[in-house]
Amino acid sequence: MAPITRRMTFPKVVIERDADSEESSSDEEEEEVEEEEEEEEENGVAKSEDDAEKIEVGLNAKGKGKAPITISLKKVCKVCKKPGHEAGFKGATYIDCPMKPCFLCKMPGHTTMTCPHRVTTEYGVVPAPRRNTRKPFEYVFERQLRPSIPLIKPKYVIPDQVNCAVIRYHSRRVTSLEFHPTKNNILLSGDKKGQVGVWDFEKVHERVVYGNIHSCIVNNMRFNPTNDCMIYSASSDGTISCTDLETGISFSPMNLNPDGWQGPSSWKMLYGMDINSEKGLVLVADNFGFLHLVDTRSNHETSNAILIHKKGSKVVGLHCNPVQPDLLLSCGNDHFARIWDMRRMESGSSIYNLAHRRVVNSAYFSPISGTKILTTSQDNRLRIWDSIVGNMDSPSREIVHSHDFNRHLTPFKAEWDPKDPSESLAVVGRYISENYNGAALHPIDFIDTSTGQLIAEVMDPNITTISPVNKLHPRDDILASGSSRSLFIWRPKEKSEVVEEKDERKIVICGRADEKKRGRKYGGDDSDDEAFTSKLKKTKSKKRQVEI
DNA sequence: AATAAATGATTCC
DNA sequence: TGGAATCCCTTTAT
């Protein structure tokens with residue numbers, strides 16, 4: 001092995017193993033340890049006989065004259081740097097550092113393994129006991145107020161099997177998804193690089209990627225309510241683009257960086273965006289706390305920007321109420337979601353301010369009545385705010401759920417199922433992994449927000465990456481998810497039951513324009529690959545697989 | 001196969 | 001107040 005040849009040139013090295021000895025580890029030591037880590041590599045499991053052991057390595061003949069270098073080699077937790085335990089993957093199961101608060105619920109005293117909120121692998125298990133603030137008379141009250149509430153919850157149809165996919169469709173990770181408002185089989189996808197994809201997932205191979213619409217992250221996309229062919233997109237390049245999907249030709253009704261790059265302190269980015277069709281407005285919000293309005297007819301900014309969140313903070317989400325066009329919901333990095341009356345939009349005039357403990361990744365009105373709000377916060381909690389039953393001082397329910405990653409991944413956003421008449425089903429990707437039959441997978445969770453129950457966790461052994469971006473189809477039982485650079489379409493399993501052995505899922509593996517041609521994992525060339533299953537299974541990641 | 005980089009909120013000084 | 005340091009389950013390319 002390489003280390004041996006390398007050591008030939010080194011002076012005599014003395015490695016000291018003293019896992020049990022009490023000695024504060026200094027930074028310099030750790031640097032050195034890296035150098036000789038191979039000694040322990042072979043077996044991740046602690047070998048107790050190695051403790052307090054001194055190893056001499058090196059060439060005595062050549063090392064003569066030079067002073068031996070002594071290296072202290074201790075088994076140390078990579079998280080807290082303390083000896084006695086180790087955090088990290090053991091096979092497909094992650095072992096937490098016990099010195100840190102729970103990675104899931106953030107409370108001290110236990111790890112995710114023993115967390116009362118831990119999601120188990122069985123469907124429908126209540127993740128945790130949690131307070132129910134609603135008294136019985138409130139339920140009666142709710143029934144009187146909203147007699148349309150179905151008495152019996154409909155049975156949820158969960159799209160839980162990958163039906164088709166485009167692998168490596170985008171050149172960077174997927175950041176936003178949108179279904180076409182009328183054409184049932186068209187999915188729009190935006191990525192971190194600014195590209196926008198249009199995919200006909202019924203005819204799996206029909207796909208287009210437009211690369212010249214934005215220069216960086218596509219944060220949000222909306223169809224023009226009066227013209228199905230046109231989309232608006234908001235990007236971190238500071239522009240809104242209006243693009244004709246047929247031709248790919250676009251123009252920018254708004255550009256907040258007309259003078260180009262003047263440094264990070266002045267560069268404006270657009271995040272939250274929504275369209276108010278009643279008022280003919282595109283609403284966008286930037287990374288400095290401001291809301292901007294663009295008239296959809298003139299395609300020009302209508303008024304001055306309004307400060308709606310803490311000055312200098314990112315406003316990541318905007319949502320217009322589906323029933324009351326005057327109501328606007330915003331959320332952002334100042335740890336608040338805020339409700340506004342569009343008729344009186346001025347700084348500080350929000351009707352309600354919904355407090356969170358961390359950044360609020362998303363806030364959505366419930367899709368049918370618009371009376372409930374679902375928020376996703378980086379404190380690992382989903383919250384439901386019910387304007388009819390509860391007041392807006394505190395959420396009517398908090399659901400602990402793992403989604404707190406804030407770099408490298410697109411932020412997680414829990415979204416309502418637009419088809420659920422009871423307005424309770426929500427979908428959200430999960431960050432933390434679970435050992436599923438020896439593979440560490442990150443499922444996509446379906447949660448009944450009225451009970452906090454995990455209704456379903458969907459996953460596929462071929463998808464080893466996290467799926468932070470998820471969208472439920474407005475009419476069909478279809479889930480679209482963006483995982484890293486790939487797109488997946490899920491349908492209910494029962495619909496594909498006929499083909500149990502012969503898997504008919506369609507996967508298209510495509511390269512990208514700027515990708516270097518080199519040996520490909522998935523074999524073949526950039527052409528489509530229908531018989532994906534066998535190939536994918538051969539190449540699927542082994543890194544977190546354990547022998548069973 | 002090992003590693004670095006991309007990248008963003010938060011904390012600390 | 002602002003810049004630097006820090007941070008637990010990533011993903012990708014080299």
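Below, all heavy atoms of this structure are taken into account, side chains as well, without hydrogens, waters or symmetry copies. In the text below, chain A, chain B and the rest are named by the order of the sequence lines, each starting its count at 1.
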Integer angstrom distance from the P of dA5(C) to that of dA5(B): 16 Å
From CG (Leu487(A)) to NZ (Lys471(A)), nearest 0.5 Å: 13.5 Å
N or O in side chain of Arg172(A) less than 4.0 angstrom from dA5(B) OP1/OP2: no
Cationic N near anionic O, under 4.0 Å, Asp404(A) to Lys106(A): yes
Atom pair distance, as rounded to whole Å: NE2 in His335(A) and C1' in dG8(B): 12 Å
Geometric class of the Trp199(A)/Phe201(A) ring pair [parallel <30°, tilted 30-60°, perpendicular >60°]: perpendicular
Spacing between Tyr271(A) atom OH and dA9(B) atom P, to the nearest angstrom: 7 Å
Any donor-acceptor N/O pair, Asp237(A) side chain to Ser215(A) backbone, under 3.5 Å: yes
Interatomic distance at P, dT14(C) relative to dT7(B), whole Å: 16 Å
Touch class at under 4.0 angstrom, heavy-atom based, for Ile432(A) against every strand present: base
Within the 6.0 Å centroid threshold, strictly below: Tyr431(A) and Phe103(A): yes
Integer-rounded Å distance: dT10(C) P and Arg430(A) CZ: 15 Å
NE2 on His335(A) to OG on Ser377(A), rounded to 0.5 Å: 7.5 Å
Sugar-phosphate, base or nothing in reach of Asn333(A), heavy atoms under 4.0 Å: sugar-phosphate
Sugar-phosphate, base or nothing in reach of Pro101(A), heavy atoms under 4.0 Å: base
Separation of atom OH in Tyr169(A) from atom C1' in dT12(C), rounded to whole Å: 21 Å
Ionic contact status for Lys90(A) with Glu86(A), cut-off 4.0 Å: no
Out of dT11(C), dT10(B), dT10(C), whichever nucleotide has its closest atom nearest the side chain of Val359(A): dT10(B)
Value in whole Å for how far the P atom of dT11(C) lies from CZ of Arg168(A): 16 Å
Length of the CZ-C1' vector between Phe89(A) and dT10(C), whole Å: 10 Å
For atom CG of Asp191(A) and atom C1' of dT11(C), their distance in whole Å: 15 Å
Check: dT7(B) base within 3.5 Å donor-acceptor of His408(A) side chain: yes
Sugar-phosphate, base or nothing in reach of Arg173(A), heavy atoms under 4.0 Å: nothing
Contact letters for nucleotides 1-6 of chain C, in which S counts primed atoms plus P, OP1 and OP2 and B counts the base, heavy atoms under 4.0 Å: ------
Sugar-phosphate only, base, or nothing, as touched by Ser402(A) at under 4.0 Å among non-hydrogen atoms: nothing
Side chain of Ser484(A) (C-beta onward), nearest among dC9(C), dT11(C), dG8(B): dT11(C)
Nucleotide nearest Gln378(A) (side chain, heavy atoms from C-beta), chosen from dT11(B), dA9(B), dT10(C): dA9(B)
Out of dA9(B), dT12(C), dC8(C), whichever nucleotide has its closest atom nearest the side chain of Val79(A): dC8(C)
Parallel, tilted or perpendicular: ring planes of Tyr364(A) versus His319(A), cut at 30 and 60 degrees: perpendicular
Gap between atoms OH and P, on Tyr431(A) and dC8(C) respectively (whole Å): 9 Å
Which nucleotide in dT10(C), dA6(B), dC9(C) has an atom nearest any side-chain atom of Lys192(A): dA6(B)
N/O (side chain, Lys314(A)) to phosphate O (OP1/OP2, dG8(B)) under 4.0 Å: no
